[in-house]
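See structure below.
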Amino acid sequence: MRRRDEKFPENGFEAWGGYMQAKIAKLEEQFCVSAGKEEALSDIFNGVSIYVNGFTVPSADELKVLMSKHGGTYHTYQRSDDYIIASNLPDTKVKNMNLSRVVKPEWITDCLKSNRLLDYREYLLFKNSRTQRQLNFSKVIKNNDSIPATSKVPDVKNEPDSFNKNLIENSNIIFENEPSMQDVLPTESELDMKKSSNLHVQTVSKAHSGPVTKTAADPNFIAEFYNNSRLHHISQLGACFKQHINDLRENSNFQFPARVQLKEKILNSNNFNTFTQLKFEKNKVIMHIDMDCFFVSVGLRSRPELRGKPVAVTHSKGGQGRPKREGVDRHAEFNLYKQKQIKKFSMSTGKPENEVVIETRIDSIGDENEKYGSMSEIASCSYEAREKGLGNGMFMGAALKLCPDLQTIPYDFDGYKEVAYTLYNTIAQYTLDVEAVSCDEMYVDCTELLADMKVNVQSFATMLREEIKNKTGCPCSTGFGGNRLQARLATKRAKPDGQFFLTEDLVEDFIYEIKLRDLPGVGRQTAQKLEALGHITCGSLQSLSLASLKSQLGNKTGAQLFDQCRGRDQHPLSFLTVRKSVSAEVNYGIRFENSNQCIDFLKQLSAEVHSRMQQFKVVGKCITLKLMVRDEEAPVETAKFMGHGFCNVINKSTTLNKATNDVEVITKEVLAICKKQNIDPKEMRGIGIQVTKLEPLNSKPSKGTINKFLANNIKSEIKTESTASEGVSVISGRTIEKRTPTKVKKVISTKSPLGKRRGRPPKSLKLLQSSTRNVGPSKSVPSTSKNLPSTSKKVMNNFLQGQNAPRDLPYKNPMIKESLPKEEPPVKKEPKGMIGLPWKTVRDMLRAWLNSDQSPLQYDVNMIVEYLQEMILTKDIEHLFILMNFLRRVTREVGSDVWLKVYDSIYEQVQNMMVAVYGKKLHVFDD
DNA sequence: ATCCTCCCCTAC
DNA sequence: TAAGGTAGGGGAGGAT
């Protein structure tokens with residue numbers, strides 16, 4: 001299907017100025033340049049790495065070439081130590097970003113002109129208080145601070161900040177492309193001071209007491225904190241990929257042409273015949289797939305020299321002593337945690353408190369100013385590090401104690417996202433019976449896939465892992481079993497970089513040895529309880545009756561554990577996720593001096609929640625405020641820098657009469673609750689806002705018949721779902737209380753999946769159609785592709801929308817817009833534009849375009865439409881399908897109205913052409 | 001019995 | 001220094 005070869009079009013566009021055009025030109029230029037000679041021209045930018053944001057002159061592609069020619073590095077995704085090159089930035093961005101490294105592109109060109117690295121601070125895009133970092137001895141601020149950060153007139157020149165100290169100080173850190181001191185810190189500070197004489201400046205007296213630290217009282221705190229929070233990113237990415245699977249399923253016709261190629265590959269591999277046929281419980285094949293120490297693996301892609309060494313991803317490096325903070329009492333604080341834990345344990349087990357021995361992660365950490373005192377957490381560590389006893393979540397101090405030669409690498413959140421997309425999209429070529437767990441982990445029901453491909457599971461696993469490794473540069477492990485529990489445990493056995501098949505005959509012996517703590521759902525508390533009952537392993541727990549387990553741990557948990565320790569799992573995979581709550585919380589850096597700061601923060605956090613609700617298109621009825629307040633026994637100064645320390649947690653909620661996402665309402669309720677608690681703002685250590693009892697936001701005006709059509713469709717989905725669930729429960733012979741009715745009710749109550757567009761006509765049926773757990777009536781729905789007339793290219797059928805789109809009556813399709821026929825496709829007498837470019841290149845260009853922060857130009861839109869229409873004419877439907885899906889997803893990610901309109905416009909014109917050429921619409925998208 | 005609310009626990 | 005978020009499941013106990 002890859003009929004286009006990698007050639008560039010003859011250059012012939014006369015109009016200039018469109019983003020895409022610029023891109024094309026640069027692309028070509030870059031191609032020519034890199035095709036030319038490879039040697040560097042200078043090393044001016046040695047150690048400098050840049051990220052280009054938005055439209056610049058020279059363009060991003062040009063800058064990329066320039067950097068590589070002159071010793072620098074260009075990043076497609078922004079990293080923390082990049083200089084951000086930009087000529088202008090949208091307001092929304094500016095508000096949420098650290099501007100101290102946002103530099104005009106002239107910096108690069110001027111450096112080249114003068115053939116040396118100039119002080120980037122001369123080229124800051126924004127020069128005001130926001131771009132100024134903390135100073136050690138004096139701080140100069142503008143007298144008039146009311147000039148908005150977005151002011152296009154950098155009329156003010158402040159004293160530049162001293163170069164970020166910690167970048168230099170820690171020599172054992174691996175920093176990529178860290179600028180060296182002499183390069184970037186010329187003695188121009190004094191110069192700057194003189195230049196600034198035309199301003200009113202004042203020295204902040206407070207500055208003498210040391211660096212000013214960022215707290216939640218700072219206006220930009222939330223954004224900066226979230227930007228750096230691994231937990232925030234983990235959570236966001238998880239939600240993102242659950243949605244991604246929802247979207248893919250919604251837009252798919254559940255044909256998987258890539259299976260053919262994979263099968264061929266498998267059949268051609270020489271080891272194919274060496275595998276025996278495996279049998280899993282109930283003849284289902286569930287795969288669990290998990291990237292190996294994900295964050296580390298992504299980081300190591302660009303640091304091959306660290307492979308095989310103990311490596312950890314963390315913010316800080318530890319090792320050095322920390323500045324002594326007055327009033328810290330680690331022992332007192334840790335003791336409080338420990339006592340609480342002991343008390344809890346004693347209560348739940350009946351063991352007297354003085355007999356309880358508990359080990360916590362704070363036991364092994366040194367004093368704050370010691371070598372091993374760092375309380376920075378490890379997000380992920382390599383297997384070499386795990387061998388020495390390190391684990392995720394461990395403090396750096398403790399980790400260094402166990403492993404003094406630990407190498408640390410910084411976070412690369414964009415990298416994680418990129419790799420995760422590749423992972424998911426790789427799987428999605430073969431099946432969409434996928435339950436996303438997180439950005440690096442999912443369950444896949446392979447039953448249908450393997451039956452269809454008629455290949456053995458071992459070959460499939462081998463090839464799939466190889467493909468993922470090739471595409472992402474990161475290893476992963478897969479486990480297979482007859483249910484999700486078995487698959488999951490198999491993966492654990494398979495790690496690292498392996499695969500394991502927990503076949504029916506192995507389950508009993510295998511599960512017997514499994515530690516209870518390793519069961520999903522059994523955490524520290526449950527494991528402790530079970531241990532108190534005398535059970536460490538699944539085998540041992542099998543001796544406990546269902547009744548006693550239930551009485552010890554509750555009905556559901558008890559029953560689940562009873563199943564789990566026998567290797568059973570009745571929970572089917574769920575391919576569709578429905579959001580039930582939206583929340584935002586910050587338990588770091590919360591330090592208020594007065595109630596105004598607190599109120600201001602609550603407002604900001606309310607706005608954050610509001611914006612997320614908008615993003616997910618929901619309104620909610622119940623608003624909960626969570627407050628962490630310093631325990632009166634806890635030291636005022638926390639052990640962890642800016643941490644929350646030992647706290648009491650307060651949760652208070654209000655239920656409204658009507659669901660809302662109004663920021664004013666949320667703020668008002670939140671402030672009211674907070675006020676009622678009567679808490680000294682100085683004692684606050686954490687704040688969270690949650691909205692529950694969600695309903696989908698009905699933004700679209702009613703469309704009469706269409707809506708009816710939708711409602712019916714959704715009902716049928718619910719019905720099928722419930723039958724399916726019951727079917728499963730009967731088959732598994734389990735005692736399942738009210739599970740099914742509850743589930744059904746949940747589905748009904750949400751009507752259509754939240755956080756996504758309503759209105760998806762034939763999708764619901766298809767959604768169920770290929771789900772292997774459905775044995776009910778949905779099976780009888782005929783395959784949509786059968787209705788289509790045959791085409792020369794068989795695969796094309798996979799992408800055409802079959803239902804409701806007969807050749808001669810396109811307007812009967814309820815999803816076709818009224819406006820459809822009114823304009824002709826744009827005439828393309830003009831330059832060839834993008835036509836001829838490989839689709840992958842176009843995809844990358846689209847991505848860059850969407851990330852460019854530029855307003856889309858009509859010209860560019862037209863050019864893209866032309867390109868896509870050309871694909872229709874040349875019958876390259878497969879890639880058209882990919883590009884359209886891509887465009888849809890990405891425009892929604894950007895989420896702004898203007899981009900959604902761009903998408904709609906492109907969509908409409910493409911479908912016009914589809915109808916004109918094939919009498920059918922491309923099978924994608926509902927709106 | 002079942003539902004609602006306020007938690008706690010777990011996972012990534 | 002350091003970035004301790006977020007969503008879902010479920011139990012306890014009171015309200016219906």
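First the proteins, then the strands, lettered A, B, ... as listed; each starts at 1.
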Rounding to an integer number of Å, can you tell me how far [X] [atom1] sits from [N] [atom2]?
| X | N | atom1 | atom2 | answer |
| --- | --- | --- | --- | --- |
| A:K529 | C:dG11 | NZ | P | 10 Å |
| A:M396 | C:dT1 | CE | P | 11 Å |
| A:E435 | C:dG9 | CD | P | 10 Å |
| A:H315 | C:dG5 | NE2 | C1' | 12 Å |
| A:R591 | C:dT1 | CZ | C1' | 12 Å |

Proximal nucleotide (of [options]) relative to the [X] side chain:
| X | options | result |
| --- | --- | --- |
| A:K556 | C:dA3, C:dG11, C:dG4 | C:dG11 |
| A:S583 | C:dT6, C:dG8, C:dG4 | C:dT6 |
| A:T655 | C:dA2, C:dG10, B:dT5 | B:dT5 |
| A:F225 | B:dT5, C:dG4, C:dT6 | C:dG4 |
| A:S374 | C:dA2, C:dG4, C:dG10 | C:dA2 |

Side chains of A:T408 and A:T314 only: does a donor on one sit below 3.5 Å from an acceptor on the other?
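Not at all, the side chains of A:T408 and A:T314 share no donor-acceptor pair under 3.5 Å.
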Does the pair A:F241 and A:Y421 meet the rule for a ring pair (Phe, Tyr, Trp, His ring centres under 6.0 Å), with working shown?
CA-CA 8 Å; A:F241 286 100; A:Y421 263 115; 4.8 Å; yes
Between [X] and [N], is there a contact of a side-chain N or O with OP1 or OP2 at under 4.0 Å?
| X | N | answer |
| --- | --- | --- |
| A:S581 | C:dT6 | no |
| A:K640 | C:dG4 | no |
| A:H232 | C:dT6 | yes |
| A:N228 | C:dA2 | no |
| A:Y411 | C:dA3 | no |
| A:S376 | C:dA3 | yes |
| A:R230 | C:dA2 | no |
| A:K550 | C:dG11 | no |
| A:K626 | C:dG5 | no |

Under 4.0 angstrom, heavy atoms only, what part of the nucleic acid is [X] near: base, sugar-phosphate, or nothing?
| X | result |
| --- | --- |
| A:G393 | nothing |
| A:A239 | nothing |
| A:G643 | base |

Do the rings of A:H315 and A:Y411 sit parallel, tilted or perpendicular, given the 30° and 60° boundaries?
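The arrangement is tilted - the two ring planes meet at 30° to 60°.
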Residue mapping more 5' on DNA chain C - nearest nucleotide basis, A:Q552 or A:V586
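The answer here is A:V586.
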Specify the residue among A:G558 and A:M642 whose closest nucleotide of DNA chain C lies further upstream toward the 5′ end.
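Its nearest nucleotide lies further toward 5', so the answer is A:M642.
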Locate the shortest heavy-atom distance separating A:I286 from A:R484; write the atom from each residue and the value.
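Shortest heavy-atom separation between A:I286 and A:R484 comes out as CG2-CA, 4.1 Å.
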Of all heavy-atom pairs between A:A385 and A:L406, which one has the smallest distance, and what is that distance?
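It is CB-CD1, 4.1 Å.
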Can you build the contact string for nucleotides 6-12 of chain B? Use B for base contact, S for sugar-phosphate-only contact, and - for no protein heavy atom under 4.0 Å.
SS-SSSB
Check the pair A:D247, A:Q243 against side chain to side chain donor-acceptor pair (under 3.5 Å), reporting the backbone distance first and the verdict last.
CA-CA 6 Å; A:D247 289 346; A:Q243 186 61 44; 2.9 Å; yes
Given the side-chain rings of A:F413 and A:Y416, with only the six-membered ring counted for Trp, is the space between their centroids under 6.0 Å?
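Yes, the ring of A:F413 comes within the 6.0 Å limit of the ring of A:Y416, centre to centre.
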Within 45° of the six-membered ring axis of A:Y226 and under 6.0 Å from that ring's centre, is NZ or CZ of A:R612 located there?
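Ring-cation test returns yes.
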For residues A:F295 and A:I234, determine if any side-chain heavy atom of one lies less than 4.5 Å from a side-chain heavy atom of the other.
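A:F295 vs A:I234: side chains touch.
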